[in-house]
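Remarks on the structure that follows.
Since the structure is predicted, the reported quantities are computational estimates derived from the model, not experimental observations. No hydrogens, no waters, no symmetry mates; every other heavy atom, side chains included, goes into these values. As the structure lists them, so they are numbered: ligands from 1, and atoms in each ligand from 1.
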Amino acid sequence: MHKVTLIPGDGIGPEITQVVIEVFDKLKAPISWEMVDAGAKAIKKYGTPLPEVVLESIKRNKVALKGPITTPVGEGFRSVNVTLREKLNLYANLRPVKSLPGINNKFEKIDLVIIRENTECLYKGIEYSIDESTSCAVRVITRAASEKIAKYAFDYARRHDRKKVTAVHKANIQKLTDGLFLQSIRNISNNYPEVEYEEKIVDNMSMQLVLNPEKYDVIVCPNLYGDILSDLAAGLIGGLGLAPGANIGDEIAVFEAVHGSAPDIAGKGIANPIALLRSSVMLLEYLEEYQLAKKLEFAIEKAVEDKNILTPDLKGKGTTESLKNKIISMLDL
Ligand code: NAD
């Protein structure tokens with residue numbers, strides 16, 4: 001039995017984590033969940049969105065599945081997501097982007113992975129106001145974190161038989177920060193002669209991803225560019241409802257969908273659970289439960305062939321429930 005921390009989260013979080021619980025139950029996955037609250041519920045209960053009990057539980061179990069957590073815009077507490085990644089040193093944000101058969105006819109063969117540096121860049125949250133009309137943000141890039149994410153990206157490519165790593169930057173303008181990021185990736189790339197290496201400026205990369213996404217394999221980025229490009233790439237395969245992710249550290253991993261708490265559809269029963277289910281496939285692989293991971297991945301691929309049960313984000317008329325039931329019915333194939 002693997003003990004895994006489960007954070008239901010805000011907005012659609014409880015609806016889609018409940019789907020994972022039920023699907024894992026049917027899969028007979030050897031997982032025992034330890035449920036803890038972060039976000040809005042935790043504020044009510046503990047006066048903070050990220051109480052110590054959450055960090056303690058993840059540190060103890062080493063693995064967590066997390067629903068999305070709302071962050072107020074322009075005011076209020078600091079993002080729980082960013083704080084969690086920082087406090088647990090989850091330095092790599094792994095975001096596979098893979099087409100599902102029949103979902104988006106424009107791009108059927110996308111199979112790339114965005115690896116986003118997860119601890120620094122603008123997400124350090126260092127901001128100050130000089131006066132009422134001028135505010136500044138500090139963008140922090142270090143050689144240590146850049147080399148660490150580079151090593152993670154090239155090791156990932158090697159482990160998964162991926163052929164190419166593309167480093168994304170804006171070193172033509174941000175000469176010191178992105179310059180250091182790029183120099184660090186280049187240094188590490190020399191140790192992996194069998195992996196093709198290329199560099200792309202982030203604005204060009206955005207266009208290339210829309211025009212020719214099939215050309216990309218592993219993409220490694222500083223934090224902010226990785227955040228933006230992974231939403232863009234999610235759009236290419238049919239939307240955020242399909243895009244999984246994982247925050248990986250040396251000893252701890254927290255799995256979560258790329259998307260947020262989707263307050264516009266929360267409570268309506270139409271949230272797409274696939275992104276979190278695909279994150280759960282990654283969790284099963286991380287726990288070396290490869291057979292179960294394959295079974296679940298296959299069930300998702302088969303389920304989406306039935307267009308009647310798809311949620312509205314996939315242009316269907318179904319609900320979270322109809323999609324869940326279809327996936328469960330495909331587990332035994
Ligand atoms: P969002 O990802 O929540 O939603 C963007 C759009 O995608 C919305 O129209 C939403 O309905 C749709 N969408 C997202 N997930 C979906 C799903 N599973 N099924 C169907 N449709 C889905 O982004 P946002 O609206 O910019 O952010 C809302 C909140 O989430 C903010 O407070 C933000 O800070 C937070 N957020 C949290 C995380 C996280 O917990 N890791 C990540 C991103 C955003």
Legend entry - Step-by-step side chain to side chain donor-acceptor pair (under 3.5 Å) determination, Lys66 to Asn81: CA-CA 10 Å; Lys66 175 185 158 294; Asn81 309 304; 2.6 Å; yes
Inset, instruction - Report yes if some heavy atom in the side chain of Thr119 is under 4.5 Å from a heavy atom in the side chain of Arg85; otherwise report no. - result: no
Inset, instruction - Check each atom of ligand 1 against the heavy atoms of Pro68 and keep those under 4.0 Å away; list them by number with element. - result: 40 (O)
Legend entry - Straight-line distance of Asn325 CG to Thr320 OG1, nearest 0.5 Å: 10.5 Å
Legend entry - atom 27 (O) of ligand 1 protein-contacted, heavy-atom criterion under 4.0 angstrom: no
Inset, instruction - Go through the side-chain N and O atoms of Asp155 and Tyr192 and say whether any donor and acceptor fall under 3.5 Å apart. - result: yes
Legend entry - Proximity of Ile265 to ligand 1 by residue part, where a heavy atom lies under 4.0 Å: side chain
Inset, instruction - With heavy atoms under 4.0 Å as the rule, classify the contact between Asp10 and ligand 1 as side chain, backbone, both or neither. - result: neither
Inset, instruction - Considering heavy atoms of the protein only, find what lies nearest to atom 32 (O) of ligand 1 and give residue, atom and distance to 0.1 Å. - result: Thr71 N, 2.8 Å
Inset, instruction - Report the residues that fulfil ring-ring contact (aromatic ring centres under 6.0 Å, His included) with Tyr286, sequence neighbours left out, ordered by chain and then residue number. - result: Phe255
Inset, instruction - State whether any protein heavy atom lies less than 4.0 Å from atom 9 (O) of ligand 1. - result: yes
Legend entry - Cationic N near anionic O, under 4.0 Å, Asp37 to Lys44: no
Inset, instruction - Determine if the distance from atom 41 (N) of ligand 1 to the closest protein heavy atom is below 4.0 Å. - result: yes
Inset, instruction - Report the part of Pro263 (side chain from C-beta onward, or backbone N, CA, C, O) that has a heavy atom under 4.0 Å from ligand 1; answer both or neither where that applies. - result: side chain
Legend entry - Val258 touching ligand 1 at heavy-atom level, < 4.0 angstrom: yes
Legend entry - Worked check of salt bridge (Lys or Arg N to Asp or Glu O under 4.0 Å) between Arg78 and Glu86: CA-CA 12 Å; Arg78 190 166 178 231; Glu86 213 176 76; 3.1 Å; yes
Inset, instruction - Return yes or no for this condition: an N or O of Thr70 is under 3.5 Å from an N or O of ligand 1. - result: no
Inset, instruction - Mark up the atoms of ligand 1 that fall under 4.0 Å of a heavy atom belonging to Lys66, in ascending order. - result: 39 (C), 40 (O), 41 (N)
Inset, instruction - Specify side chain, backbone, both or neither for Asp264, according to which of its non-hydrogen atoms lie closer than 4.0 Å to ligand 1. - result: side chain
Inset, instruction - Give a yes/no verdict on whether any heavy atom in Ser261 is under 4.0 Å from an atom of ligand 1. - result: yes
Inset, instruction - Heavy-atom distances under 4.0 Å are what count here, so tell me which part of Asn272 touches ligand 1: side chain, backbone, both or neither. - result: both
Legend entry - From CG (Asp250) to CG (Leu88), nearest 0.5 Å: 12.0 Å
Inset, instruction - Starting from atom 1 (P) of ligand 1, locate the nearest protein heavy atom and write down its residue, its atom name and how far away it is, to 0.1 Å. - result: Gly260 N, 3.5 Å
Legend entry - Residues Asp313, Lys315: salt bridge by 4.0 Å N-O rule: no
Legend entry - Closest protein heavy atom to atom 14 (C) of ligand 1, given as residue, atom name and distance to 0.1 Å: His259 CB, 3.6 Å
Legend entry - Salt-bridge criterion met for Lys163 and Asp217 (N-O under 4.0 Å): no
Legend entry - Ile69-ligand 1 polar pair, N/O distance under 3.5 Å: yes
Legend entry - salt bridge (Lys or Arg N to Asp or Glu O under 4.0 Å) between Lys302 and Glu305, intermediate numbers included: CA-CA 6 Å; Lys302 292 307 280 178; Glu305 285 175 7; 3.5 Å; yes
Legend entry - Min heavy-atom dist Asn81 to ligand 1 below 4.0 Å: yes
Inset, instruction - Measure the spacing between CG of Asp203 and CD of Gln208 and express it to the nearest 0.5 Å. - result: 10.5 Å
Legend entry - Backbone or side-chain N or O of Gly67 under 3.5 Å from ligand 1 N or O: no
Inset, instruction - Distance to 0.1 Å, residue and atom name: give those for the protein heavy atom nearest to atom 3 (O) of ligand 1. - result: Ala262 N, 2.8 Å
Inset, instruction - Ignoring hydrogens and angles, state whether a donor on the side chain of Ser57 or Glu34 is under 3.5 Å from an acceptor on the partner side chain. - result: yes
Inset, instruction - Do me a favour and list the nearest non-hydrogen protein atom to atom 5 (C) of ligand 1 with residue, atom name and distance? - result: Leu240 CD1, 3.9 Å
